[in-house]
Amino acid sequence: MGNDTISDIVTNLIRYQLIQYTNEQCVLNGIPTEKQISKPYWNDISSRWEKEESIDQLIIHGKRILLVPKNIVFSESNYTFTKERFVQHDMLEFLQEKELQVPNSPLIKHRVPKKNQDIGEAFVTKKSIREREHIDKKQNVLKFSSKYPAIMETFKNKQHFKSLNVVELYEIQEDSFSDDDYNNLLDAFIKTLKSIPRGKNYANDYHEFILGLLTFIFYPSLSHPKKETPIDNTRKRIDITYVNTADTGFFCNLKSEITSNYIYVECKNYSGKLSNPEFDQLAGRFNESSSKVGMLVCREVDDFAYERAAGQYRRQNELLLIITDELLISMLNDMKLSENNNTTSFLAHEKRLYELKRNIEVERY
């Protein structure tokens, strides 16, 4: 079964979830939608195909459009859950080892003997097994999988998918994205951040920009951003909520240390310093089941802010990460490419978070 067919099947199965995701993104970005009947989707509760008679959908030039979370998009060249991969590695390597146990097998060859060896190491080539067993035929692969289900199960449990980084996302769209383009994008973020005035009059501009900036900086570790998320029966709202989808790096490590299924963000575009109410507001959003980690994003702070964060961590085991303009600019610069570093490291900036957390833990302020 080809990737296109798999993609079509999966889209039909999760169409309702993709419609919901598309609506969330349209609300997030102020894109208008229209109520229309949906195409069929699979309802796993009723175990049948269903339609929504009237549901908000993104319509462009008369066509219904589904948006897909970028962290579930993959490049065909990096996708390893294929018959060819299974045959070349898992299946043939198993058969090689099995053939070596067959006495006097005509497929067994020997390497040139090493010093103090009478006969060289025995080996069997994949090519010889492939030719004898006609191993590439689909029916033979199915027969092997039925006979040795543990080999197929091991293959299925391997990690076959990884989220694409920013440059790879451009590449699969066949858009050019040079090192200079990437660095210019980072510089544009820095310039825009510096250009937003401080104060309540520009709070919404700052909030909108921080939403886009954090989504870019922490992708794919943090995903599915939501703005003004209601909690506690709508009595409270969180400026920005991210789902912690990290499988490596800082946010992945957090999962084993502290409740951090979600990362809460509060934005404060203040011209003055932060005080206790701002910290209490974010800390009041924490709970044991969803998250005890949040970011307080602001323009600048004094040592009191870090001392307050350290006290919260010590008393409540709640982590308040204070993200200032200076820290954001440092992280963006860490992500830049240079002559000495021509490999894009999308976790290079996270060293700043490790350092921040370490200082909070030991109260080094």
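By convention here, the first residue in the shown sequence is residue 1. Owing to the predicted nature of the structure, the values given are computational and were not obtained by experimental measurement.
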* Asked: So Glu257 and Lys357, salt bridge (Lys or Arg N to Asp or Glu O under 4.0 Å) or not? Walk me through it.
  -> CA-CA 12 Å; Glu257 300 175 12; Lys357 179 174 178 288; 2.8 Å; yes
* Asked: Within a strict 4.5 Å, meaning less than it, do heavy atoms of the Ile37 and Glu53 side chains meet?
  -> yes
* What's the verdict on side chain to side chain contact (heavy atoms under 4.5 Å, CB included) for Ile263 and Val243, showing C-alpha distance, side-chain angles and the deciding distance? -> CA-CA 6 Å; Ile263 304 297; Val243 179; over 6 Å; no
* Asked: Which word best sums up how the rings of Phe218 and Phe251 line up, parallel for under 30°, tilted for 30 to 60°, or perpendicular for over 60°?
  -> perpendicular
* In terms of side-chain geometry, is the basic nitrogen of Glu99 or Arg132 positioned less than 4.0 Å from the acidic oxygen of its partner? -> yes
* Asked: Does any non-hydrogen side-chain atom of Asp136 lie less than 4.5 Å from one of Val87?
  -> yes
* Can you name the nearest heavy-atom pair linking Ser256 to Asn253, along with the distance? -> OG-O, 2.8 Å
* To do: For Phe86 and Ser145, work out which heavy atoms get closest and say how close.
  => CE2-OG, 3.9 Å
* **Audit row: Ser290, Asn287, side chain to side chain donor-acceptor pair (under 3.5 Å) steps and yes/no** => CA-CA 6 Å; Ser290 59; Asn287 64 73; 2.8 Å; yes
* **Test item: Lys143 and Gln139 side chains (from C-beta on) under 4.5 Å apart, heavy atoms** => no
* To do: Heavy atoms only: give me the nearest Lys51-Pro40 pair and the separation to one decimal.
  => CE-CG, 3.7 Å
* Would a distance-only check, ignoring hydrogens and angles, find a side-chain to backbone donor-acceptor pair under 3.5 Å from Ser223 to Pro220? -> no
* Asked: How are the rings of Tyr182 and Phe216 set relative to one another: parallel (under 30°), tilted (30 to 60°) or perpendicular (over 60°)?
  -> tilted
* Asked: Knowing that exactly one of Leu282, Val293, Ile240 qualifies, which makes a side chain to side chain contact (heavy atoms under 4.5 Å, CB included) with Tyr264?
  -> Leu282
* Tyr270 reachable from Leu296 in the ILVMFWY side-chain graph, under 4.5 Å edges -> yes
* Asked: Would you call Arg314 and Glu361 a salt bridge, using N to O less than 4.0 angstrom?
  -> no
For a quick test of your reading: what N or O donor-acceptor pairs under 3.5 Å do the side chains of residues 195-205 make, sequence neighbours left out?
{"from": "Ser195", "atom 1": "OG", "to": "Thr192", "atom 2": "O", "distance (Å)": "2.7"}
{"from": "Arg198", "atom 1": "NH1", "to": "Glu300", "atom 2": "OE2", "distance (Å)": "2.9"}

* Under 4.5 Å between side-chain heavy atoms, hopping through other hydrophobics if needed: is there a path connecting Tyr306 to Tyr354? -> yes
* Can you find a pair of side-chain heavy atoms, one from Leu66 and one from Thr11, that are under 4.5 Å apart? -> yes
* Asked: Do any N or O atoms from the side chain of Gln96 and from the backbone of Val124 form a donor-acceptor pair under 3.5 angstrom?
  -> yes
* Minimum side-chain heavy-atom gap Tyr242-Thr215 below 4.5 Å -> yes
* To do: Report yes if some heavy atom in the side chain of Ile31 is under 4.5 Å from a heavy atom in the side chain of Leu58; otherwise report no.
  => yes
* Asked: Distance from Leu100 atom CG to Leu95 atom CG, nearest 0.5 Å?
  -> 11.0 Å
* Asked: Is there a chain of hydrophobic side chains (I, L, V, M, F, W, Y, each step under 4.5 Å between heavy atoms) that links Leu67 to Ile60?
  -> yes
* To do: Identify the two heavy atoms, one from Ser38 and one from Ile55, that lie closest to each other, and give their separation to 0.1 Å.
  => CB-CG2, 4.0 Å
* Any chance you could measure Ser128, atom OG, to Lys126, atom NZ, to the nearest 0.5 Å? => 11.5 Å
* Are the side chain of Ser221 and the backbone N or O of Asp247 linked by a donor-acceptor pair below 3.5 Å? -> no
* Asked: Strictly by modelled atom types, are Tyr41 and Gln17 linked by a side-chain donor-acceptor pair under 3.5 Å?
  -> no
* Check step by step if side chain to side chain contact (heavy atoms under 4.5 Å, CB included) holds for Met91 and Phe155. => CA-CA 9 Å; Met91 187 172 172; Phe155 175 72; over 6 Å; no
* Between CD1 of Ile217 and CG of Leu332, what distance do you get to the nearest 0.5 Å? -> 4.0 Å
* Could you tell me the separation between the CE atom of Met295 and the SG atom of Cys267, rounded to the nearest 0.5 Å? => 10.5 Å
* Asked: Is any NZ, NE, NH1 or NH2 atom of the basic residue among Glu121 and Lys114 found under 4.0 Å from an Asp or Glu carboxylate oxygen of the other?
  -> no
* To do: Run the salt-bridge test on Arg308 and Asp280 with the 4.0 Å N-O cut-off and return the result as yes or no.
  => yes
* Does Asn261 use its side chain to pair, donor to acceptor, with the backbone of Ser291 at less than 3.5 Å? -> no
* Answer yes or no: does atom NZ of Lys98 have more than 12 heavy-atom neighbours from other residues, nucleotides or ligands under 6.0 Å? => no
* Asked: Is it true that the side chains of Thr259 and Glu288 contain a donor and an acceptor less than 3.5 Å apart?
  -> yes
* To do: Count the heavy atoms belonging to other residues, nucleotides or ligands that lie under 6.0 Å from NZ of Lys83, then report whether that count exceeds 12.
  => yes
* Electrostatic pair Lys227:Asp239 at N-O distance under 4.0 angstrom -> no
* Asked: Do the side chains of Thr22 and Gln57 get nearer than 4.5 Å, heavy atoms only?
  -> no
* Residue pairs passing the salt bridge (charged side-chain N to carboxylate O under 4.0 Å, His left out) test where at least one lies in residues 18-44, sequence neighbours excluded -> Glu24-Lys226, Lys35-Asp56
* Same hydrophobic cluster for Phe94 and Leu92, using side-chain heavy-atom links shorter than 4.5 Å among ILVMFWY? -> yes
* Asked: In terms of side-chain geometry, is the basic nitrogen of Glu355 or Arg352 positioned less than 4.0 Å from the acidic oxygen of its partner?
  -> no
* Reference residue Arg15; test side chain to side chain contact (heavy atoms under 4.5 Å, CB included); the match among Asn12, Leu13, Leu18 -> Asn12
* For the atom pair CG (Asn29) and CD (Glu208), what is the distance rounded to the nearest 0.5 Å? -> 8.0 Å
* **Stacked cation flag Lys70 on Tyr219, 6.0 angstrom / 45 deg** => yes
Sequence neighbours excluded and cut-off under 3.5 Å, please list the side-chain donor-acceptor pairs for residues 317-331, or say none.
{"from": "Glu318", "atom 1": "OE1", "to": "Gln312", "atom 2": "NE2", "distance (Å)": "2.6"}
{"from": "Thr324", "atom 1": "OG1", "to": "Leu327", "atom 2": "N", "distance (Å)": "3.2"}
{"from": "Asp325", "atom 1": "OD1", "to": "Arg299", "atom 2": "NE", "distance (Å)": "3.2"}
{"from": "Asp325", "atom 1": "OD2", "to": "Arg299", "atom 2": "NE", "distance (Å)": "2.9"}
{"from": "Asp325", "atom 1": "OD2", "to": "Arg299", "atom 2": "NH2", "distance (Å)": "3.0"}
{"from": "Ser330", "atom 1": "OG", "to": "Glu326", "atom 2": "O", "distance (Å)": "3.0"}

* So if you build clusters from Ile, Leu, Val, Met, Phe, Trp, Tyr with side-chain heavy-atom gaps below 4.5 Å, do Phe304 and Val297 land together? -> yes
* Asked: Got a salt bridge between Lys336 and Asp187, using NZ or NE/NH1/NH2 to carboxylate O under 4.0 Å?
  -> yes
* **Minimum heavy-atom distance between Ala246 and Cys252, given as atom pair plus value** => CB-N, 3.5 Å
* To do: Taking the side chain as every heavy atom from C-beta outward, state whether Asn244 and Tyr262 have any atom pair closer than 4.5 Å.
  => no
* Any side-chain donor-acceptor pair under 3.5 Å between Asn43 and Tyr16? -> no
* To do: Starting at CD of Gln316, measure out to OH of Tyr313 and round the result to the nearest 0.5 Å.
  => 13.0 Å
